[in-house]
Amino acid sequence: MSASPSPNLLRRGDDWFTGRGWTAFPFQHEAWKAYLDGKSGLVNAPTGSGKTYSLILPILLEFLKEHPDDPAKANNGLQAIWITPIRALTREIQAAAERAIEDLGMKWRVGIRSGDTKTGERTKQRNKPPEILITTPESLHLLLASKGYEKFFSDLRVLVADEWHELLGTKRGVLVELALSRLRGIRGNAFRTWGISATIGNMQEALDVLVPAGTRERIIIRAKASKETEMITVMPDEIETFPWAGHLGIKLLEKVVPIIYESGSTLIFTNTRSQCEIWYQRLLEADPDLSGAIAMHHGSISRELRDWVEDALHQGTLKAVVCTSSLDLGVDFRPVETIVQIGSPKGVARFLQRAGRSGHRPGAKSTIHFVPTNSLELLEASALRRCIENEVIESRIPYIRSFDVLVQYLVTLAVSGGFRREEVLKEIRGTFCFASVSDEEFAWCLDFITTGGNSLGAYDEYHKVVRDEEGVYKVESKRVAMMHRLSIGAIVSETTLMIKYMSGGYIGAIEEYFISSLKPGDTFWFAGRSLKFMKVKGTEALVKKSNAKKGKVPSWRGGRMQLSSQLSAYLRKSLEELKLEDYHDAELLKLAPLRDIQAHRSAVPATDELLIEYFHDREGYHLLMYPCEGRGIHEGLSSLIAYRIGQFAPLTFTIAMNDYGFELLSDQPIPIEEALGSDLFNLTELTADLNAGINATEMAKRRFRDIAAIAGLIFKGYPGKQKKEKHLQSGSQLFFDVFTDYEPTNLLLQQAYDEIMTFQLQEARLRSALERINGQTILFQQPRKATPFSFSLIVDRLRERVSSESLQDRIKRMRLALVRE
DNA sequence: GACCTGCTGCGGCTTG
């Protein structure tokens, strides 16, 4: 059926919606109204709730209102841009939009502009823009880098940022902010901005970043119906034999098998790609009947194989898929029935997002099984449960002053028509990210792209942009323009090798350093297959099928997720309940025997206590503290404490940390009591001591690699011919050193240090952690041997230093030492 | 009796 279009359609909206078998929710009506009133805003709705229609429809309806007699009018120019963080979502949105257009009897076209869009299609789009264009932040910037883009955008009335919570808090979000500032510059008041976001802790800020105050009237629209989530912890039968350390979780594997059988379809989330590979194999070993019924999915597996898995899941031919966060977003599955999370999700938002992949219908309950991988994760389960009950959820902290992205953007504009200083400065100051940029800083950026700045002036290749007589900044060199288009974006990946069969066929990607640990003929497992490594050819690692049952499992250097501050706070509460034997949930009750060992050998801290353990064994003198603040904070805190103790005695420490605490290990006695008596946690000297204690230069140097790549200092190579990691590393280090020596005020260099303070050491959070510790009672314990709390720290440290074979020996020896005592 | 850590996302050329 094709509803006859009418300006009154909104009022008859219910009929039209139910006619299609959809339900119209109050929040959708609210969004339609706000949109048609000319507002900008943010729609806060879960996936599966019809959030796309909450914004597609009013865009169409507004046009119909303006052209009631000519709904089929074609060639209206580009009316709306829809941004998504991942390409796979563009097709879904296109389908939804086309459905709505057809229902209204309109003739609008919906185009996709992404890396998948063919050249011919791109040309067509440029000559005759679709009314709705669905794209990614990167592709939008590529459009800004093409000649005559102003004309292309000249009819635009709205930009919708879908899954805005995914982009906020990333440099890709900064790309969106910058593109928006330009579109507002072109279209002025005729332009609206809308976002669609899942619930996060800082909803208002999410709106402020997307739609700066003062641009238009703004509103946040919330879908009221909150999703019910049931969390089921998979319990070890007896805590006595459950590991105190480790993150693999195989011990509970046999309890996961029945979960798979009881449900039509299951997603099993793991935290790392290697864990994903291992679980897939182990599940098949545990139950060969699952062969053909389960598959795996992670980011290093080729797109082709992943598509196959996604399709099979969609069609219901697979019972379960073991995956990483590669399936957090993306393909709109036929609702998956059951979710399993192996190991700590480290954050409430991530856990709920994964849970939400089940019961993917409005009103349906989501169910998630949590599989702890070690004893302390039962504590996290309890904390997680409380966070869900109290609707505590993490925030996404937006980047500010990302000069690398700004510099890239300026060159992007210079590649197309060129830009004028005052105009662009005014626009970027309207963004959240660059509101505080001073005249001098902006002048530095212009200098940097025109002359290479103070330190690179001698090198022509950094004179990318010229300023002509009329004051327009533009790129004149075709080569510079091309290389720039090739490097637009804010994602910097590890360089990888493609895994290919000798006979052809691409399976996935693997990191250089893993392949360098293999000899030709070695077997390894990848994508659930046993492969024999043959040789490296260019950027390809060639392999053959193997029948070997044993082999290495690759590991990748990914990001380290750390416990969120929200979850950390609840973890400390759970600890207190453990101490008080206030067992309000099954997880804590299960931990009772472990609690007794900890309390007997040492102590369990309450929320107003800081536990410090100090003991001596054949390894040396161990000093352990448990602030339970998450790994990043412990990284800063441990260096700070090590530095301050070092003021009393010239000691060398080996430092280890995890989400619960940190360890300082020394071969000499540690004057801890003296140190504790001396205001060890004082805040006054924090910045100075931190700078003295950490190796900020080393940390900043690593961080600088990405900054240099985004700012266009390092060319990553032509597509399919990427440069070796070694070259990228040494290139960025060279720049780092040159800037440090000759231009210490270089904004990119400073940015590297700022990012360390903001994201890695999290100075603000560190400060409040110290404040909290200063108000706590110190619980100083001298256990005779390792405690349950200390165990995972000690094992982690051992693992970092030695190979896994000898790790077994080490642990065996440790155990013997424990027994002997 | 305690161990196999480390996510995701995008984009794109030339010349034979």
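Because the structure is a prediction, the values reported are computed rather than measured. Within every chain, numbering begins at 1; the chains are lettered A, B, ... in the order of the sequence lines, protein sequences first and strands thereafter.
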A/L167 near the nucleic acid: base, sugar-phosphate alone, or nothing, with a heavy-atom cut-off under 4.0 Å?
nothing
Taking the nucleotide of DNA chain B with the nearest heavy atom to each, does A/F242 or A/I491 sit closer to the 5' end?
A/F242
Return yes if the base of B/dC7 and the side-chain atoms of A/T270 contain a donor-acceptor N/O pair under 3.5 Å, otherwise no.
no
Need one value for A/S114: base, sugar-phosphate or nothing, where a base atom within 4.0 Å counts as base even if backbone is also close, heavy atoms only.
sugar-phosphate
How long is the line joining NE2 of A/H484 and P of B/dC10, in whole Å?
19 Å
With sequence neighbours left out, the residues meeting side-chain contact (heavy atoms from CB on, under 4.5 Å) with A/A355 are A/T229, A/S366, A/I368
May I ask you to evaluate whether A/S326 reaches the phosphate of B/dC7, defined as a side-chain N or O under 4.0 Å from OP1 or OP2?
no
Quick check for you: among B/dC10, B/dG1, B/dT8, whose closest atom lies nearest to any side-chain atom of A/W244?
B/dG1
Rounded to whole Å, CH2 of A/W556 lies from C1' of B/dC4 at a distance of 14 Å
Does A/T136 place a side-chain N or O at less than 4.0 Å from the phosphate oxygens OP1/OP2 of B/dG11?
yes
Which part of the nucleic acid does A/I488 contact within heavy-atom distance under 4.0 Å: base, sugar-phosphate only, or nothing?
nothing
5' precedence on DNA chain B between A/S274 and A/P243 (nearest-nucleotide basis)
A/P243
What is the distance, rounded to the nearest whole Å, between atom NE2 of A/H297 and atom C1' of B/dT8?
11 Å
Looking for any heavy atom pair under 4.0 Å, which part of the strands does A/R282 touch: base, sugar-phosphate only, or nothing?
base
From CG of A/L329 over to C1' of B/dT8, roughly how many Å is that when rounded to an integer?
9 Å
Salt bridge (Lys or Arg N to Asp or Glu O under 4.0 Å): which pairs involve residues 481-498 of chain A, sequence neighbours left out?
none
Under 4.0 angstrom, heavy atoms only, what part of the nucleic acid is A/G489 near: base, sugar-phosphate, or nothing?
nothing
For A/E635 versus A/M657, what's the shortest heavy-atom pair and its separation?
CA-SD, 3.3 Å
Mind checking the CG-CD spacing from A/D237 to A/E254? Nearest 0.5 Å is all I need.
8.0 Å
Interface polar pairs with nucleotides 13-16 of chain B, N/O, under 3.5 angstrom:
from: B/dC13; atom 1: N4; to: A/P719; atom 2: O; distance (Å): 3.1

Phosphate contact (B/dA2 OP1 or OP2) by A/T241 side-chain N/O below 4.0 Å
no
Please report the interatomic distance CG(A/L384) to OG(A/S344), rounded to the nearest 0.5 Å.
7.5 Å
Assign A/E166 to base, sugar-phosphate, or nothing according to its heavy-atom contacts below 4.0 angstrom with the strands shown.
nothing
Applying a 4.0 Å non-hydrogen cut-off, can you work out what A/H141 is touching in the nucleic acid: base, sugar-phosphate, or nothing?
nothing
Considering only heavy side-chain atoms of A/E138, the closest of B/dC3, B/dC10, B/dG6 is B/dC10
When you measure from the side chain of A/L248, which nucleotide among B/dC4, B/dG9, B/dG11 comes out closest?
B/dC4
Anti or syn - B/dC7, cut at 90° from 0
anti
A/R273 CZ to B/dC4 P: how many Å, rounded?
18 Å
Sequence neighbours excluded, which residues qualify as salt bridge (charged side-chain N to carboxylate O under 4.0 Å, His left out) partners of A/E663?
A/R797
Figure out the CZ/P separation between A/F715 and B/dG11, and round it to whole Å.
17 Å
Closest to the A/M561 side chain, choosing from B/dG12, B/dC7, B/dC4:
B/dC7
Would you please name every residue forming a salt bridge (charged side-chain N to carboxylate O under 4.0 Å, His left out) with A/R396, sequence neighbours left out?
none
Can you list everything that forms a ring pair (Phe, Tyr, Trp, His ring centres under 6.0 Å) with A/F615? Sequence neighbours excluded, please.
A/H622
Going by the angle between their ring planes, with limits at 30° and 60°, are A/W556 and A/F526 parallel, tilted or perpendicular?
tilted
CG of A/L140 versus C1' of B/dG11: gap in Å, rounded?
13 Å
Rounded distance in Å - CG (A/L175) to C1' (B/dG9):
12 Å
Respond yes when some side-chain nitrogen or oxygen of A/S139 is under 4.0 Å from OP1 or OP2 of B/dG11, and no when none is.
yes
Indicate, with a heavy-atom threshold strictly under 4.0 Å, whether A/R350 touches base, sugar-phosphate, or nothing.
nothing
Side-chain donor or acceptor of A/S325 under 3.5 Å from a matching atom on the base of B/dC7?
yes
